Protein chains: 2
Amino acid sequence: MFVKFTKNQQNILEFLKQLKGEITAQDLHMNLKEKDFKIGLATVYRTLKYLHLQGIIQERITPNGESLYELIKDSHHHHLNCVNCGRSSLLKEDFCPINKQLTNWCASQNFKLYYHTLEFFGLCEHCQNEVNKANLSN
Amino acid sequence: MFVKFTKNQQNILEFLKQLKGEITAQDLHMNLKEKDFKIGLATVYRTLKYLHLQGIIQERITPNGESLYELIKDSHHHHLNCVNCGRSSLLKEDFCPINKQLTNWCASQNFKLYYHTLEFFGLCEHCQNEVNKANLSN
DNA sequence: ATAAGTGCAAAGTCTTTGCAGATGT
DNA sequence: ACATCTGCAAAGACTTTGCACTTAT
């Protein structure tokens with residue numbers, strides 16, 4: 001996978017394997033530093049980009065513009081994303097409308113499918129009132 | 001919808017109505033300037049944010065990190081996104097796996113659903129060879 | 001008259017890049 | 001030995017914000 005397999009790469013991959021859920025590049029960097037691994041933020045970004053390119057991890061960008069990464073697994077989640085507060089809540093695990101027919105269709109396009117994201121956007125319960133008060137001076 | 005309905009707001013909304021497809025904030029700004037509308041980039045960003053908050057337009061963030069906006073319509077597209085070159089290609093128009101059952105489920109969560117995005121990530125035909133040569137020095 | 005909207009420039013945030021030095025095979 | 005990988009600091013890109021001025025109602 002990697003051309004060399006350095007300590008940094010091992011540490012990142014190991015961390016992602018242990019991780020339940022998603023993490024930002026910056027949080028991942030902090031976590032590794034806290035474990036006394038010496039690693040630069042740029043290396044974290046470079047490694048995540050490479051892992052993404054290789055189809056090992058997936059990326060999801062939140063309404064706040066944060067990139068979240070996690071290993072690609074068989075089981076995955078989709079989210080309800082509030083366009084006001086930016087919070088995401090998980091959809092029940094077994095919900096996923098992607099069927100084999102579609103997967104096959106991607107293959108027929110010579111597109112090598114790594115993963116998909118399905119995200120719902122709107123207002124969470126709390127924000128529905130807030131938004132009525134919004135204007136362009138906010 | 002807007003508290004006031006200024007020339008800027010009218011111009012942006014009119015432009016989005018004419019537009020087929022998606023556009024970035026910066027391109028939208030350029031287009032309006034070319035039509036000799038005097039408007040600041042910040043105003044474009046503020047207006048798009050407000051329209052998004054109100055559920056008038058939707059946002060999609062590409063693998064390159066660009067935010068693309070368009071009016072929410074009944075018909076919509078999903079995309080195949082190449083994680084290498086970042087190009088997106090449209091899925092056939094009639095494909096959408098989201099059913100009424102799911103829509104109802106969102107409602108039952110007191111989540112006010114505006115729109116959804118469903119995106120597929122992987123390698124386009126052209127990039128499948130390229131990626132084999134990739135390493136962390138790139 | 002007043003709150004809402006605006007333009008500009010500055011600031012903020014996340015991410016990428018150039019380069020010299022370190023590392024794995 | 002050599003290309004790959006790394007850290008650091010600088011650069012880059014996009015977006016947001018503060019503030020004084022303008023505009024719509």
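Reminder, nothing fancy here: chain letters follow the sequence lines and each chain counts from 1. Note that the structure is predicted; figures quoted are calculated from it, not measured.
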Contact nearer the 5' end of DNA chain D, comparing B:Ser137 with B:Glu66: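 Mapping each residue to its closest nucleotide by heavy atoms, the 5'-most match is B:Ser137.
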
Helix axis bend for the helix from C:dA1-D:dT25 to C:dT25-D:dA1 - C1'-based end axes, five pairs, 10° rounding: 40°

Side chains of A:Thr117 and B:Glu119: any donor to acceptor distance under 3.5 Å?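 Not at all, the side chains of B:Glu119 and A:Thr117 share no donor-acceptor pair under 3.5 Å.
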
Judged by modelled atom types alone, do B:Asn81 and B:Ser88 share a side-chain donor-acceptor pair under 3.5 Å? yes

Within this structure, what is the [atom1]-to-[atom2] distance between [X] and [N], rounded to whole angstrom?
X	N	atom1	atom2	answer
B:Leu48	D:dC14	CG	P	15 Å
B:Tyr50	C:dT6	OH	P	11 Å
A:Ile61	D:dC14	CD1	P	13 Å
B:Leu136	C:dG21	CG	C1'	17 Å
A:Ile23	C:dC14	CD1	P	14 Å
A:Ile12	D:dG7	CD1	C1'	13 Å
B:Leu53	C:dG5	CG	P	13 Å

Please work out which of the three classes, parallel, tilted or perpendicular, describes the rings of A:Tyr115 and B:Phe121, given edges at 30° and 60°.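 B:Phe121 vs A:Tyr115 ring planes: parallel.
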
Within-4.5 Å side-chain heavy-atom neighbours: B:Val3 and A:Leu136: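 Side-chain contact under 4.5 Å: no.
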
Would you say B:Ile56 and B:Leu71 make side-chain contact, with heavy atoms under 4.5 Å? yes

So what does B:Thr24 touch, heavy atoms closer than 4.0 Å: a base, only the sugar-phosphate, or nothing?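 Here B:Thr24 touches no strand at all.
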
Start with the C-alpha gap between B:His78 and A:His116, add the side-chain angles, then the distance that decides, and say whether ring pair (Phe, Tyr, Trp, His ring centres under 6.0 Å) holds. CA-CA 11 Å; B:His78 302 296; A:His116 67 267; over 10 Å; no

Look up atom NE2 in A:His52 and atom OG1 in A:Thr47, then write down how far apart they are to the nearest 0.5 Å.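 Interatomic distance, A:His52 NE2 to A:Thr47 OG1, rounded to 0.5 Å: 14.5 Å.
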
Proximal nucleotide (of D:dT15, D:dT4, C:dT17) relative to the B:Ser67 side chain: D:dT15

How about NZ on A:Lys17, more than 12 heavy atoms from neighbouring residues, nucleotides or ligands closer than 6.0 Å, or not?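 Open.
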
More than 12 heavy atoms of other residues, nucleotides or ligands under 6.0 Å from NZ of B:Lys100: yes or no? no

Kindly state which residues belonging to residues 1-11 of chain B come within less than 4.0 angstrom of DNA chain C, counting heavy atoms of the residue only, listed by number.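 Listed by number, they are B:Val3, B:Lys4, B:Thr6, B:Asn8, B:Gln9.
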
Interface residues of residues 25-47 of chain A with DNA chain D (non-hydrogen, below 4.0 angstrom):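 Residues of residues 25-47 of chain A under 4.0 Å from DNA chain D: A:Lys38, A:Ile39, A:Gly40, A:Ala42, A:Thr43, A:Arg46.
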
Check for me, please, whether A:Leu80 and A:Leu123 land in the same ILVMFWY cluster - side-chain distances under 4.5 Å, paths through other members count. no

Quick one, B:Phe120 with A:Tyr114, criterion ring pair (Phe, Tyr, Trp, His ring centres under 6.0 Å). Give me CA distance, side-chain angles, the key distance, then yes/no. CA-CA 8 Å; B:Phe120 297 86; A:Tyr114 282 166; over 10 Å; no

Hey, is the side chain of B:Asn135 poking within less than 4.0 Å of OP1 or OP2 on D:dC5, counting only N and O atoms?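 It does, given that an N or O in the side chain of B:Asn135 lies less than 4.0 Å from OP1 or OP2 of D:dC5.
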
